[in-house]
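Report on one structure; see the data block that follows.
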There are 2 protein chains.
Amino acid sequence: MNIGQASRATGVSTKMIRYYESVGLIRPADRTDSNYRDFGERDVHELQFIRRARDLGFSVAEIGHLLSLWRDRDRPSREVKAIAQKHVADLDARIAEMKAMADALRTLAKCCAGDDRPDCPILVDLSTRQTGALKSNVRIAR
Amino acid sequence: MNIGQASRATGVSTKMIRYYESVGLIRPADRTDSNYRDFGERDVHELQFIRRARDLGFSVAEIGHLLSLWRDRDRPSREVKAIAQKHVADLDARIAEMKAMADALRTLAKCCAGDDRPDCPILVDLSTRQTGALKSNVRIAR
DNA sequence: ATGGGCCTTCCAGTCATGGGAAGGTCAAGC
DNA sequence: GCTTGACCTTCCCATGACTGGAAGGCCCAT
């Protein structure tokens with residue numbers, strides 16, 4: 001299976017497959033005589049694993065950890081659960097932060113006429129409100 | 001007011017102030033004889049505006065738009081409201097996506113013993129579930 | 001005049017990903 | 001056998017919104 005076929009089989013772009021290999025998330029694929037990457041069933045399975053973990057919002061680093069646990073048939077489920085729970089907590093924190101933003105903005109927008117007149121509570125708020133304590137060290141990123 | 005004082009007055013890092021200037025979000029600051037940036041009251045006010053807009057999760061591009069509307073005393077509030085509402089919709093979309101991830105993962109974690117044994121429904125799910133349709137073109141980023 | 005705390009510019013890295021160039025390979029049709 | 005077009009390879013660059021750091025200039029107090 002060449003990289004294009006592996007990509008179609010897993011929904012991971014060829015670019016990403018090469019990237020995952022370059023950062024050591026997957027082991028270097030076998031090569032054909034003509035230097036094409038050659039993926040076996042196991043590789044495809046790992047790529048599917050990665051794809052689903054990405055769908056759940058895990059970072060590449062977390063996926064690396066999950067993959068190593070997955071490869072180890074004797075891993076304690078405690079470790080996996082801990083990673084998952086930490087990720088859930090991260091997600092919840094980011095969700096809360098974004099919800100606070102959305103709610104604040106919704107309230108302002110509701111008070112804005114949204115017509116031809118220039119008066120706008122949204123701009124008034126942006127130009128006068130005290131800087132909110134809406135800050136965190138948690139990145140709002142996938 | 002030099003850049004450090006402006007930074008302390010607004011909560012925007014000096015790095016960011018220079019960055020905002022470089023991308024044209026704020027106009028180039030005046031300079032002293034010794035080439036130090038010199039910020040006036042109006043500049044500080046704009047930086048505060050930017051800071052609060054960032055707190056609400058607006059992108060730099062959106063802030064640029066909001067700033068130009070803010071500077072124009074005759075702008076129709078309709079335009080401001082439209083930007084705000086689009087941003088709220090973006091936030092809501094990302095929130096929904098992240099909530100789906102968190103909920104899925106919470107369910108799995110609940111079924112995971114989290115002990116010394118290797119059996120783990122989380123890994124089973126990652127390695128066998130059909131790839132979810134959990135995708136979007138909306139970036140999950142601040 | 002020396003020290004340390006500012007300031008300046010410039011360059012590089014982050015994270016996951018996409019875009020594209022330049023060149024090699026393969027399979028099908030002629 | 002040759003061309004064509006679809007693949008593959010590596011490499012570099014760009015994104016967004018930053019942060020970090022180096023090298024050098026400036027300012028003020030001692």
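Worth knowing before you read on, the calculation uses all heavy atoms, side chains too, and leaves out hydrogens, waters and symmetry mates. Everything numeric here is computed off the predicted structure, so don't read it as measured data. In the text below, chain A, chain B and the rest are named by the order of the sequence lines, each starting its count at 1.
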* **Electrostatic pair B:Arg106-B:Asp103, nearest N-O below 4.0 angstrom** => yes
* Could you grab the distance from atom CZ of B:Arg37 to atom CG of B:Asn2, nearest 0.5 Å is fine? => 11.0 Å
* Structure fact -> Across all chains, not counting sequence neighbours, the side chain to side chain contact (heavy atoms under 4.5 Å, CB included) partners of A:Arg42 are A:Glu46
* Asked: OP1 or OP2 of C:dT8 sitting under 4.0 Å from any side-chain N/O of B:Asn35?
  -> no
* Structure fact -> Distance col, row B:Leu47:CG vs B:Met16:CE, nearest 0.5 angstrom, shows 11.5 Å
* Contacts to DNA chain C from residues 38-46 of chain A, heavy-atom cutoff under 4.0 Å, which residues? -> none
* Structure fact -> Separation of D:dC27 atom C1' from B:Met1 atom CE, nearest Å, is 18 Å
* **Options D:dC18, D:dT10, C:dA16, nucleotide nearest the side-chain atoms of A:Arg37** => D:dT10
* Asked: Would a hydrophobic clustering, with Ile, Leu, Val, Met, Phe, Trp and Tyr connected at side-chain separations under 4.5 Å, put B:Phe58 with A:Leu108?
  -> yes
* For A:Tyr36 and for B:Ser34, locate the closest nucleotide of DNA chain C by heavy-atom distance; then report the residue assigned to the nucleotide nearer the 5' terminus. => B:Ser34
* A:Gln5 CD - C:dA27 P separation (whole Å) -> 11 Å
* Length of the CD1-C1' vector between A:Ile63 and C:dT17, whole Å -> 13 Å
* Asked: Which residues pass the side chain to side chain contact (heavy atoms under 4.5 Å, CB included) test with B:Thr14, sequence neighbours left out?
  -> B:Ile3, B:Ser7, B:Arg18
* Name every residue in residues 11-30 of chain B that has at least one heavy atom under 4.0 Å from any atom of DNA chain D, in order of residue number, or write none if there are no such residues. => B:Ser13, B:Lys15, B:Met16, B:Tyr19, B:Tyr20
* Asked: Can you tell which of A:Ile50, A:Ile63, A:Leu67 makes a side-chain contact (heavy atoms from CB on, under 4.5 Å) with A:Tyr20?
  -> A:Ile50
* Send over the distance from B:Arg54 CZ to D:dG16 P, rounded to a whole Å. => 12 Å
* To do: For A:Arg78, check side chain to side chain contact (heavy atoms under 4.5 Å, CB included) against everything at least two apart and list the hits.
  => A:Pro76, B:Asp116
* To do: Can you label the angle between the A:Trp70 ring and the A:His45 ring as parallel, tilted or perpendicular, going by 30° and 60°?
  => perpendicular
* Specify the angle, to 10°, made by the local axes at the two ends of the helix from C:dA1-D:dT30 to C:dC30-D:dG1 when five pairs are taken at each end. => 30°
* Asked: Taking atom C1' of D:dC28 as reference, at what distance in whole Å does atom CG of B:Asn2 sit?
  -> 13 Å
* In whole angstrom, what separates B:Arg31's CZ from C:dC6's P? -> 19 Å
* Asked: Could you state the interatomic distance from NZ (B:Lys99) to CG (A:Asp92), rounded to the nearest 0.5 Å?
  -> 9.0 Å
* To do: State plainly whether the residues B:Asp115 and A:Lys81 are in salt-bridge range, i.e. N to O under 4.0 Å.
  => no
* Structure fact -> Taken to the nearest whole Å, CD1/B:Ile3 to C1'/D:dC27 is 17 Å
* Separation of D:dA17 C1' from B:Asp55 CG (nearest whole Å) -> 14 Å
